Amino acid sequence: MESRTSTRKRLVTLVVALLGIALLYLVLGDVALAEDAAPPACGGKILEKCTPNPGDTAWMLTSVALVLMMTVPGLGLFYGGMVRKKNVGDTVMTSFAVTCLITILFAILTYSLAFRAGTPFIGGLDRMFLKDILSDIGKGGIGNPNPLAATIPESVYICFQMTFAIITPALIAGAFAERMKFSAMLWFIGLWAIFVYAPIAHWVWGPDGIFASGNDAAWVKVLDFAGGTVVHINAGVAGLMCAIMLGKRKETGPAHNMVLTFIGASLLWVGWFGFNAGSAVTAGMQAGMAMLVTQIATAVAGFTWMLVEWSLKGKPTVVGICSGAVAGLVAITPASGFVGPVGAFVIGIAAGVLCYWGCTGLKAMFSYDDALDCFGVHAVGGIVGALLTGIFAVEQYGGTAGALEGNPGQFINQCIGVATVIVYDAVVSLIILYVVKLFVGLRVSEDMERDGLDLALHGEVVH
């Protein structure tokens, strides 16, 4: 009897064990099937029916906010503190209005022209009004990312590049501050965004651009990680054309509020991490190196400018060290994904010295009125950074060696890219300015300039 009971218990135990194993097998089988059915992660050659990387997407959403902060409020305050009090409102209004205008144009046309495949010179029109955007929204988590940003939704990439398109023309305002008609500014900026920014962005960053380093069929491969040519040289040269066309201001004065300039420069410094590290378009090692070299070059350039100014003028100034820091940010921008800490130190020193000269000696030599040193900081700094990228690029960091690693041809490529952008930008900017002058006029009257643009153009004053 006891033997039968013991046998029955063993059978029950065996059956329970078998059922448990079967249940576990079914559960694991379901998990495996679910894993097999899940879409693969985006990246490499997998660009369709894939899931964007959530870490990369989160970093890029953060970068969008950081770069937008650079224009409003960063650039508005930086420029606003350097003009005279009677023109502060017009200066900050310009930054804000440009943000609105470029957002509209980018969504309608310039994103498609700049970042979609077309010809080596300009993109296509398949994303006009942002039609047919394929992202992870509304597709059950399955997206079709832009091949230029393979691990994030195209909607996020659009927002990121939109913030670059916003700050570039906003920088130009530093050259024509305190004397340009507000209506003329809007017409010039809008046309410039279409006929200058979009083509140059496509040349350097478009999937089939003539200078795009990622395009195997590129005519010349130019390294520009975050906008040395596309943003800073582009804006600086256009600013110089504006300063020449408008002529000198009737009267000038010192910066009215250095604290506003300090706050603006600080916001630019912080936001620039999104600008440079965000240009990696992933939350990986290249973004980390870009952030590190950005911090180093900025600090070195600001400190160098301070020492140069101190030695030549006897006193270090707040506006000076802030301008030096911005010069360092500008110069490291094209190099940030390609150089290491040593290159960042050299670029910072070069930016501090040469941009100081660009804002003082060069401007005095040619006697143009670049009101807030758009050309001296952004064009000169962009040229310095772009050329030194060709020397200090480290293959281990960015995939391309520079002259110091035995690839002197890359320096030649950088020279070609810089020269082409300067010539095209200068010619087309002058044409646009002449057209706007013909139909709208460029400069306010002498009475308006004397009374201040805030009251004359906007009916507001700063108390």
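In this text the structure is predicted, and so the values were computed from the model without any measurement.
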Under a plain distance cut-off of 3.5 Å, with no hydrogens placed, do [Y] and [X] share a side-chain donor-acceptor pair?
{"X": "N276", "Y": "T294", "answer": "yes"}
{"X": "D56", "Y": "T151", "answer": "yes"}
{"X": "W192", "Y": "S429", "answer": "yes"}
{"X": "D373", "Y": "H378", "answer": "no"}

Take L433 and C242 through the side chain to side chain contact (heavy atoms under 4.5 Å, CB included) test and state the conclusion after the steps.
CA-CA 7 Å; L433 286 165; C242 289; 3.9 Å; yes

Mind listing the closest non-hydrogen atom pair of [X] and [Y] along with its distance?
{"X": "A287", "Y": "W59", "result": "CB-NE1, 4.3 Å"}
{"X": "A301", "Y": "G324", "result": "CB-O, 3.3 Å"}
{"X": "I102", "Y": "P169", "result": "CG1-CG, 3.8 Å"}
{"X": "H202", "Y": "T119", "result": "NE2-O, 2.7 Å"}
{"X": "T99", "Y": "V72", "result": "OG1-CG1, 3.8 Å"}
{"X": "C374", "Y": "A175", "result": "CB-N, 3.8 Å"}

Counting distance only, does the side-chain N/O of [X] pair as donor-acceptor with the main-chain N or O of [Y] below 3.5 Å?
{"X": "T62", "Y": "A58", "result": "yes"}
{"X": "N413", "Y": "K221", "result": "yes"}
{"X": "W305", "Y": "G352", "result": "no"}
{"X": "R179", "Y": "A177", "result": "yes"}
{"X": "T163", "Y": "L68", "result": "no"}
{"X": "D208", "Y": "A117", "result": "no"}
{"X": "D454", "Y": "G89", "result": "yes"}

Flag the pair E178 and R443 as a salt bridge only when some basic side-chain nitrogen lies within less than 4.0 angstrom of an acidic carboxylate oxygen.
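Judged by the 4.0 Å cut-off on N to carboxylate O distance, E178 and R443 do not form a salt bridge.
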
Could you give the distance from [atom1] ([X]) to [atom2] ([Y]), rounded to the nearest 0.5 Å?
{"X": "L453", "Y": "N87", "atom1": "CG", "atom2": "CG", "answer": "4.0 Å"}
{"X": "M180", "Y": "L246", "atom1": "CE", "atom2": "CG", "answer": "5.5 Å"}
{"X": "I172", "Y": "T94", "atom1": "CD1", "atom2": "OG1", "answer": "12.0 Å"}
{"X": "I158", "Y": "L130", "atom1": "CD1", "atom2": "CG", "answer": "5.0 Å"}
{"X": "F129", "Y": "L125", "atom1": "CZ", "atom2": "CG", "answer": "11.0 Å"}
{"X": "W272", "Y": "I167", "atom1": "CH2", "atom2": "CD1", "answer": "6.0 Å"}

Give me each pair satisfying ring pair (Phe, Tyr, Trp, His ring centres under 6.0 Å) with a member in residues 412-443, each pair once, sequence neighbours excluded.
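Matches after skipping sequence neighbours: W203-Y424.
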
So if I apply the ring pair (Phe, Tyr, Trp, His ring centres under 6.0 Å) rule between Y111 and each of W205, F106, F164, which one comes out positive?
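Going through W205, F106, F164 one by one, the ring pair (Phe, Tyr, Trp, His ring centres under 6.0 Å) with Y111 is satisfied by F106 alone.
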
Among K248, R249, K363, find the residue that satisfies the side chain to side chain donor-acceptor pair (under 3.5 Å) test when tested with D369.
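Filter result, single survivor: R249.
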
Taking atom CE as the centre, does M365 end up with more than 12 heavy-atom neighbours from other residues, nucleotides or ligands that are less than 6.0 angstrom away?
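Above 12, so yes.
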
Quick check: are there more than 12 heavy atoms from other residues, nucleotides or ligands sitting under 6.0 Å from CZ of F121?
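Buried by this count: over 12 neighbours within 6.0 Å.
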
Show the numbers, then the answer: is there a side chain to side chain contact (heavy atoms under 4.5 Å, CB included) between V222 and Q414?
CA-CA 5 Å; V222 176; Q414 299 300 106; 3.7 Å; yes

Check step by step if side chain to side chain contact (heavy atoms under 4.5 Å, CB included) holds for F375 and I244.
CA-CA 12 Å; F375 183 80; I244 292 171; over 6 Å; no

Run the ring-centre check on F188 versus F176 and record whether the distance is less than 6.0 Å.
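No, they do not, as the ring centres are separated by 6.0 Å or more.
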
Are the aromatic ring centres of F182 and W187 under 6.0 angstrom apart?
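When the ring centroids of F182 and W187 are compared, they turn out to be at least 6.0 Å apart.
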
Checking I233 against V418 for the side chain to side chain contact (heavy atoms under 4.5 Å, CB included) test, could you report, in this order, the C-alpha distance in whole Å, the side-chain angles of both residues, the deciding distance, and whether it holds?
CA-CA 8 Å; I233 297 174; V418 167; 3.9 Å; yes

Go through the structure and list residues passing side chain to side chain contact (heavy atoms under 4.5 Å, CB included) with Y397, not counting sequence neighbours.
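Y397: side chain to side chain contact (heavy atoms under 4.5 Å, CB included) contacts with M289, P341, V394.
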
